[in-house]
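A quick write-up on the structure given underneath.
Just so we're on the same page: letters track the sequence lines, and every chain starts at 1.
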There are 2 protein chains.
Amino acid sequence: MSLRIALLGLLSASGPASGYDLTKKFETSLAHVWQAGHSQIYPELAKMAAEGLITVEAEGSRGRKIYTITPEGRDELHRWLMGYTPSPSPRSEIALQAYLTPLLEPREAVAVLERMGASFAARLRELQKLGDPSKKSGYGGYALDLGIRQARMAMEWASDTIAHLSASGTGTDRAEGAADAEGAADSEG
Amino acid sequence: MSLRIALLGLLSASGPASGYDLTKKFETSLAHVWQAGHSQIYPELAKMAAEGLITVEAEGSRGRKIYTITPEGRDELHRWLMGYTPSPSPRSEIALQAYLTPLLEPREAVAVLERMGASFAARLRELQKLGDPSKKSGYGGYALDLGIRQARMAMEWASDTIAHLSASGTGTDRAEGAADAEGAADSEG
DNA sequence: GTCCGCATGTAAGAAGTTACATGATTCT
DNA sequence: AGAATCATGTAACTTCTTACATGCGGAC
C-alpha cells in the first residue's frame, strides 16, 4: 500500500513524471523515508494505471511514459493521509541488537554500542547535509526534521547506555551480566 | 536473517524452548522489537535445525519439540552482534506521512499531526506499562529505553510541527502551502 | 563506433501476512 | 461432553531484493 501512496504523493507534489523520474526521486528526496527500486516501481505503476489512479499522459522518446495522477488517485492519497494512522515499524534491527546486548560481556557490549553511536552520528551528518529543516518548509522538511531528531535521540541513548554499562560493569566479569539476565528475561523458567 | 538472530537470541538468553514458547515470546517481550508469527517461526526453526544452529533436545507431549542452541548457533549469534551494524529501517510509514503532509490544507495537516501525536502518546503509555527501563537492566531493558525515548521524541516532533504549521498557517488558505510546496520539492520542474 | 546514461521491463527468491488445517490435552 | 488452550504445520498471497535482459540516444 505505502509504495503506492509514495508514488501518488510524488505525482501529486511534483506533477507528471516517468517511472524513471520517480525512481530517481526514491533515490534522493525519499531515500530516508521510503526506499524502492525500479523493479518494484514499474510494475506498481502499471497496476495503478490499470486501476485508474494514474494515466499515461504522454509517451516520449525511448519509450518514456509520462504518468499523471487522476482525480481517483488524488482521492486515494487524500483518504490515506486523513484516515490512516501509521505505527512505528514492528521490526527494528537496532532494537533487536539493543535487546540482545546483555548476552555479551560488558566490554563487548560497550564496543557494540560505541559502533552504533558512531553510525547514528554518521546518519545525522548525512541528514544535516540535506539542509536545515526549519528553513525547508515544504515536502521533505517535516520528515527530515523527524529523521534528525531520531538520529540525535539514538546517539543519546547509545551514550547513556554505555554510561550505564560502565557504571554497573566496572571491575566485574561475565558473571554479573549473566545473573542480571536470568532475573529479567520475563516471567518464565 | 534477523528472525534467525531473534530466535537464537531467545534460545541463548532463556534456554531451551519449543516453537510455541518462542512464538509467545515474540508476542510479549519482543513485541515492540521484532514481530513474527508462528507460521514464520516453525519453518525457520526447521531450517536452523537442518543447518545445525539448533537441535531438538527433547520431544514432549502433544508433539512438542524442545529446541536448544548449539555452539554453532552461539557463534552465529555472536558474530552478528559483534560484526553487524544495523541501520534504521529504510521504510517508515510515519516518515512518509510526515513527508506528504504539505499536500494537505493547513487545517487538515494539523489534524493529521494531532492524531499522530496521540498515537505516539498511546505507544509511550503502553511501553511504560512494561516497566521502568532503568530498573530493568537485563534483556529488554535497553530496547525498552530506546522505544520510550523514540515515542517521546516523536511526540515532541509532532507538537513542534503543529506549532510551526499554526505559526505559518494562521489566517491563510491553501495558496500559501501550495507555493511553499513548489519551491521545496527538490530541484526539478 | 563505442561507451555512458536513459528507460523499461521480467524472473527468481527471500521475507512476511493471512488463512486453512489438524490433533492432543486440560478444564469445567 | 464440549470448550479452551496447547502445539505444529501448510498454502496462497503480497512485498521486497537481486539479478538478468534489452534497446534508444547522445557524447566523444
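One can place CG of A/Leu22 at 15 Å from P of C/dC6, the figure rounded to the nearest angstrom. Atom-to-atom, CG of A/Asp21 to C1' of C/dT8 comes out at 13 Å; the value is rounded to the nearest Å. At whole-Å resolution of the value, CG in B/Leu45 and C1' in D/dT10 are 15 Å apart. D/dC6 atom C1' lies 13 Å from atom CD of B/Glu27, rounded to whole Å.
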Item to complete: Output, in order, the C-alpha distance, side-chain angles, deciding distance and verdict of side chain to side chain donor-acceptor pair (under 3.5 Å) for A/Ser89 and B/Arg91.
Response: CA-CA 8 Å; A/Ser89 160; B/Arg91 263 175 296 279; over 6 Å; no
Practice prompt. Go through the steps for B/Trp80 and A/Gln97 under the test side chain to side chain contact (heavy atoms under 4.5 Å, CB included), then give the verdict.
Written response: CA-CA 9 Å; B/Trp80 186 86; A/Gln97 199 159 89; 3.6 Å; yes
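Remark: B/Leu30 CG to B/Thr23 OG1 distance equals 11.0 Å, nearest 0.5 Å. Note that CG of B/Leu130 is 7.5 Å distant from CD1 of B/Ile148, once rounded to the nearest 0.5 Å. Distance check, rounded to the nearest 0.5 Å: OG1 of B/Thr85 to CD of A/Glu93 gives 10.5 Å.
A salt bridge is absent between A/Arg123 and A/Glu126; no separation between the charged side-chain nitrogens and carboxylate oxygens falls under 4.0 Å. The residues B/Glu44 and B/Arg4 are annotated as salt-bridged, a charged nitrogen and a carboxylate oxygen being separated by less than 4.0 angstrom.
Phosphate contact (OP1/OP2 of D/dT8, side-chain N/O of B/Tyr42, threshold under 4.0 Å): present. When the side-chain nitrogen and oxygen atoms of B/Tyr20 are compared with OP1 and OP2 of D/dT8, none of them lie within a distance under 4.0 Å.
Contacts between residues 63-70 of chain B and DNA chain D, defined by a heavy-atom separation below 4.0 Å, involve B/Gly63, B/Arg64, B/Lys65, listed by number.
Without hydrogens or angle criteria, A/Asp145 side chain to A/Tyr142 main chain gives no donor-acceptor distance under 3.5 Å.
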Sort me out a list of protein N/O and nucleotides 26-28 of chain D N/O pairs below 3.5 Å, or just none if empty.
none

What N/O pairs connect the protein and nucleotides 14-19 of chain D at under 3.5 Å? Give each pair on its own line.
unit_1 : atom_1 : unit_2  : atom_2 : d
D/dT15 : OP1    : A/Met1  : N      : 3.3
D/dC16 : OP2    : A/Gln40 : NE2    : 2.5
D/dC16 : O5'    : A/Gln40 : NE2    : 3.4
D/dC16 : O3'    : B/Arg91 : NH2    : 2.9
D/dT17 : OP1    : B/Arg91 : NH2    : 2.8
D/dT18 : O4     : A/Ser39 : OG     : 2.4

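Residue B/Leu8 is tested with B/Asp75, B/Ile69, B/Leu3, B/Leu81 for a side-chain contact (heavy atoms from CB on, under 4.5 Å); the sole match is B/Ile69.
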